[in-house]
Every structure is written in structure tokens, then in C-alpha cells.
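Scroll down for the structure; my scribbles are underneath it.
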Amino acid sequence: MTVGTAAANAELIARISDLELVARIVVEGLVSGLHRSPFHGYSAEFSQYRHYRPGDDLKYVDWKLVARTDRVYTKQFRETTNMGAAIVIDTSASMAFPERPISKFRYSVVAAAALAHLVSSQGDGVGLVTTNAFLAPRPGRQHLRRLLAALSSTAATGSWRPAETVRRASERLGRRGLLLVFSDLYDQENETFAELRRAARMGHEVVLFQVISRDEIEFGYRRDVEFVDLETGESLAVDAAAARRDYTDAVTAFLESWRRRAGAEGFQYSLMVTDVPPDRALRNFLVARQTPQNR
Amino acid sequence: MIWLYPPAAIALLALAAPIVVHVLVRQRATRIAFPTLRFIRPHRLASVRRRALDDIALLTIRLAIFAVAVAAVAGPFVATAARRREWDARTIRAEVFDPDSRYGLSRAVVWLERQPPGRREIVVRGPLPLGSLTATDIAMVPSHVGLRFERTSVPTATRTLPATPVIQNGRIVERETTLNAERTSVRDVAVTGTAAPAIEIAAPAEEHAAADGLRRALLNERIAAALPGRGARIMFASEAASLSTVSTAWIADAAARISRDTPWDVDLAFGSDGNRLVVETRMHATDARALTLVHVLARGLASPIERPADEVVPIPDAQLSAWTRGAGPVPEAAPEMIDRDDRRWLWATVLLLLLIESVLRRDRKQSGVAKGSARAA
């Protein structure tokens, strides 16, 4: 088996228990073809311009360029100092869906591990925040191993508490850092959004991965089905075929709402569907991140 | 109520078909854990939707249409009091003119059973000679059927008829019978020819002498002559009973008359051998009754003289009066008696229900369209 084929198979990745190996496989698959580090911090080494976003420090505005173009650009610098990145994973019970071939939670863990590996390999610090685990952002291989071990031991149970997780992550990032959030965003919508906005206001770059399965998008059930809510235990029996159209309309509106709200607030939003191999999903995310409009 | 075609009611079982289908298609909803129920709108289960009665009125009307149609096919008939009075008021009469009154009487009974409900009476008209009707014939007429006898003529005082020829001394002797009440007589009228023995007698070797005696008796002792073309074989002291089946009408008739006329309880087995009657018996040819048995066998092959219509003595008037009776009450009507049932009313009801059903259906359709328009708006 080659690394490439393993990386292209989400089901296979779900079966590998060694998260470090998984992270390496995914990263090796996704960094080939990317020319340089996709994560940018603020440093003395100029990297590129990007459009000004509300919250950007005005001292990085290139006023000469403003005078020439009548447009506000912010100077971006290649990271030369350690950048802090915090990974927040939704560990609510709804993330345990679907059981096969890979749950949203497992998919998030794999993607988060790959990103942690990537960030750590650049010499930057990376941390982890879940409802039951906290690791402050730190660089180094030993810390990465602790983080991967913490990721491995985390399970999707209970409920999503953004006030504890997102806020804690954004506060512990200290200076401007990178906040990577993995969630299906079903619960505590407004509170989650408020915390993400607050993190952005603090100067952190917010990357929002909305992880969802194909079954949740297409609702490919037939006949009579009794759906049991993974978090509340409530159940609802419906004729799935009859309920499909209303369901897909509502889910489409829900996803579009998050995409629109994230864009409006300057978050980088990425929809991850669990039947797409994680390396491909991350690669798409990183390629999109490197395009000028996203810088 | 009488049903002319009760088996049609089996079609009513079809009314249970919807229930059976609902029971068979009942299914349990699959239980699936799902991240959130927030996007799932309540929809009635398919199985519940199939089981639920959306429109009880429409269903009831349709079931009623089917049930009434089945009832109409089954041919209902209600025996009301008015109809019973009408039946009591009419008399259905069968008149028998047949010179063979016995046969005519039985045909009249069969015919009356198929007539519409009403009092029933049989009138027998004819000379009514002795033997044309017996107490057995009268007993076969149902008790509710009235009986009357009208003698239309007096039987002829004397009548001369041919009698069964006999064989005597190897010759056929023609005879005639003169019917004249107590002076009835039979006499020989001519000797027409040489008689060939029509009965073959078989017996074991030790009984050959007795068998020869019987053969001689057949030709000499005025035994009835067989009709042309008829013959028989009798096997004395026979144990085997592997006879072929009788399929010729005259052989069966002869066997029946031989059984009837044999004066003792003796075992006789009948069969046929081509166009010949075969009789087997355990009786020995040496038995004293053997000659009588041969006589019976010969009479069985001869033409029977059973012509009651030729009788010259009438049935006594006292006897006819004793047999006479009035028509009894109308019996419970049997389906085959009903000439006009009540199904037309049921078909009219079916048409009425169909009309109501179409109105209801149109109404539901219009209300459905209105709901759809409102939803679209």
C-alpha cells in the first residue's frame, strides 16, 4: 500500500488507529504541490498585500498604496516568529454520526491532526481545546505527540459548549493566532457565532470547518424511519421519502447561512463532507487559502 | 328472505381485502440515530397513512356499493305478508291426461315443484282402470298437493290381447288373453314353428343328467318363449363370480325381473356375454327348485304383459274418493319457485349510491384543489 492510495481513502484512514501515522499520511498527500507554508503570520519579512479587513491593525496599512490606488491594502509578512494555532473540536454527540464509514468526529480528528502536524512542522505552536481537553499552543515534536495522544483519547459525547471551548482557545492564543474550529455547528448557533466573532475581534484568524456527512445533506432514507436525536435522545418517526424535500431545503439553507455569515465576518469557511478524503478536503482548503482573495 | 344464488355471497369476503392488505403491509419504522431533528418536519408515517382512513364517508359508500351489488347478484327475495296472501289466493293445477296415469302423476309432481309459489293441485283425467294408479303412486305425491280424479270414460267391458307365447313339445304356441273381469281367460290360438332352446344350461359333470332333464323341460313344459334375439346361459353349482358388467338394456331389465320373480332367497349373479344374459348360482341342477328357476329365467327373456291401460276393470269410486284431497297450504318457497326476485331494487340502490359516491368524490377533489391553491398562494 502506498501513502498516496492510503491518503485517498477516507474509510481506510478511519481504520488506522495511529493518529500520528494518519496525520503524516494526510500531510504528505496534501503538501505536495504547495510551494510554501500556507499559514502566514505578521513579521518583518514582507510577503504580500491583501485587502484590508475590519480589525486589521492600521499600522500594517500601506498608505502609499492607498494614495496610489484609492484602495486600502494591508501588508502581510512571512512568519518568521512562532505562530500560535489553536484547534477546537466539537465533541458533542452529534459529531459521532455517521457510524460508518467514518464519523464526523473521527474525520475532524484526522484533519485536525494533519493540520497540527503541518503547523508544528513549520516550527509554530499548536494547541487543542475540546470540552474535556486543553493543551496550550506550543511548538515542538513532543508537544505534537501529546496533542495527538489527546486527540486520540477524545470521544464525541455530551454537548457543544462554545463559551468554554472557543472562548478559552481564543483567550489562550494570546497574540494574534490561528483559530481552527471543527464542528457541525448544529448546536448553540448564535453563541458559537458570537464567540467566533469575538475571537476575530481579538485579532485571531478564524478558520471554520463545518463537518457534515453526505447522509445529512442528501437524506437518502426511504420508507418509515424513526430518527433518534444523538444528543437529546428525542425521536421522531416520519416517512423519510415524504420528508426529504423539506429536509434538504432546510439543510441547504442552514449551510448557506453559515457560509454567508462566516464570509461577512471574515472567517475562512470550509465545508467538509465526510465522504471526501481528508487530504483532498484539506488540500482544497489550503489552495483556496492561497488564492489572493483569501489572503 | 330467500337468496336465489347464495354462493354469490362469497364475494362479500372481498370486503375484507383492504383490512388484509393493511395488516400485511404493516411495517415497523427503522430506528436510526441522527445528529439532529431540527431539519426534519413531521410527516405522517407511510404505514400509518396506508392504514389511516382518510375519508370514512367515501369508504363507507364504496363498501356499501360493493355489498349491495353482491347482494343483488345473490338474488334476494323477501316473502312479505302480501306476497303470502297472493300465493294463498292462487292455485297451480297440473292436469294429467296420460293413459298411463302413474307416469303422468310423477311428471306432474316434478312440474309443480318448479312453479311459482301457490297452492298446488293435480287433476287426473281418464278411464282410470285398475292398476293404472296404486296407493304407492299416491303416496309419492307431496301431502300439500291436492288430488282430484275425473273419470272421463268407462273402460271397455271386454278386451282381447295377445299373450306371451309358450313352447310346448318343441313348438311355439301363440296365445291370447280375453279380459272380461272375473271371466278373463287365456287360450292357445296357433302353433307357429319349431322352437330353439334360448337358454343354455351348464352344470358339473355329475349333474349332467339333471341338466338334460331341465333342457327337455324347456322344450316341453309350456315355458314362456323368449323374444327373438334374446338368449341366456345359466351355470349351476358355480362358485366363481367373475362376470362381465351388464350394459345392455334388455339384459338389465331381464336380470331385474328374474331377481324379483325368484320365489326363494337364492344367490344369483348376473352378467353378460355379448348379447346374452349369463346367470351363475350355487344351486345345483339336481335341486328340486332348479326347474322353477329355469321357468323364471324363461319369463325374464319373454315379453312382459304389464299393460294396465288395457285393463277393463275400473278403480272403484270409493278408492278414488279416499285418494281425493284438497290443496294444502303454500309451502315455504324454494329458490327454484321464485319467478321474480327483488334484485331490481338493489340495483336501483347501487345506482343511487354510485351517484352519491361521484358527488362526494367531486366534492373531495374540489376541496383538495382549493387546499392546493391556498398552499401555493
Side-chain angles (χ1 to χ4, degrees), chain A residues 90 92-100 103-105 156 159-160 183-189 210-213 215-255 257 274, chain B residues 14-63 66 357 360-377:
Chain A
D90 178 357
S92 63
S94 66
M95 292 289 284
F97 183 86
E99 287 185 8
R100 291 172 188 281
S103 70
K104 292 187 289 183
F105 180 73
S159 56
W160 166 239
S183 173
D184 53 17
L185 300 171
Y186 283 152
D187 306 315
Q188 311 286 336
E189 260 193 89
Q210 187 166 22
V211 186
I212 202 158
S213 68
D215 286 343
E216 290 167 89
I217 297 174
E218 296 180 352
F219 203 66
Y221 303 100
R222 298 174 62 192
R223 299 182 180 167
D224 290 345
V225 179
E226 183 182 5
F227 293 100
V228 182
D229 193 307
L230 279 167
E231 293 189 12
T232 64
E234 292 175 13
S235 65
L236 178 63
V238 295
D239 177 358
R244 182 176 301 129
R245 185 167 180 178
D246 287 346
Y247 176 90
T248 52
D249 287 350
V251 165
T252 304
F254 166 73
L255 297 177
S257 162
T274 56
Chain B
L15 290 174
I19 298 168
V20 173
V21 169
H22 285 192
V23 169
L24 290 180
V25 302
R26 183 178 294 178
Q27 60 180 24
R28 193 179 290 274
T30 310
R31 199 173 163 88
I32 292 177
F34 206 66
T36 182
L37 304 182
R38 59 186 287 194
F39 306 120
I40 304 174
R41 303 278 176 273
H43 276 266
R44 198 159 57 168
L45 292 174
S47 56
V48 171
R49 204 166 53 240
R50 278 195 293 271
R51 287 202 302 273
L53 296 177
D54 287 331
D55 196 328
I56 292 177
L58 203 54
L59 176 67
T60 307
I61 288 282
R62 286 173 177 170
L63 289 178
F66 186 80
E357 192 265 354
L360 273 177
R361 191 153 36 86
R362 193 181 306 140
D363 180 54
R364 301 296 190 270
K365 194 174 178 181
Q366 285 174 351
S367 61
V369 170
K371 279 182 188 173
S373 304
R375 203 164 30 239

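All values below come from the heavy atoms of this structure, side chains included, with hydrogens, waters and symmetry mates left out. Below, chain A is the first sequence line, B the second, and so on; all start at residue 1.
Side-chain contact between B/Arg31 and A/Val228 is present, with heavy atoms from C-beta onward closer than 4.5 Å. Taking the side chain as every heavy atom from C-beta outward, A/Asp224 and B/Thr30 never approach each other to under 4.5 Å.
A/Glu99 does not touch chain B: none of its heavy atoms, backbone or side chain, sits under 4.5 Å away.
Note that CG of A/Asp187 and CZ of B/Arg38 are 8.0 Å apart. Values are rounded to the nearest 0.5 Å. The distance from atom CZ of A/Phe97 to atom CD1 of B/Ile32, rounded to the nearest 0.5 Å, is 7.5 Å. Between the CZ atom of B/Phe34 and the CG atom of A/Asp215 there is a distance of 7.0 Å, given to the nearest 0.5 Å. With values rounded to the nearest 0.5 angstrom, A/Asp184 atom CG is found 8.5 Å from B/Thr36 atom OG1.
Closest approach of B/Arg41 and A/Ala243 over heavy atoms only: O-CB, 4.2 Å.
Looking only at heavy-atom pairs under 4.5 Å with chain B, the residue among A/Ser94, A/Gly233, A/Ser213, A/Ala96 that has the most is A/Ser94.
In this structure, B/Phe39 has its ring center at least 6.0 angstrom away from the ring center of A/Phe227.
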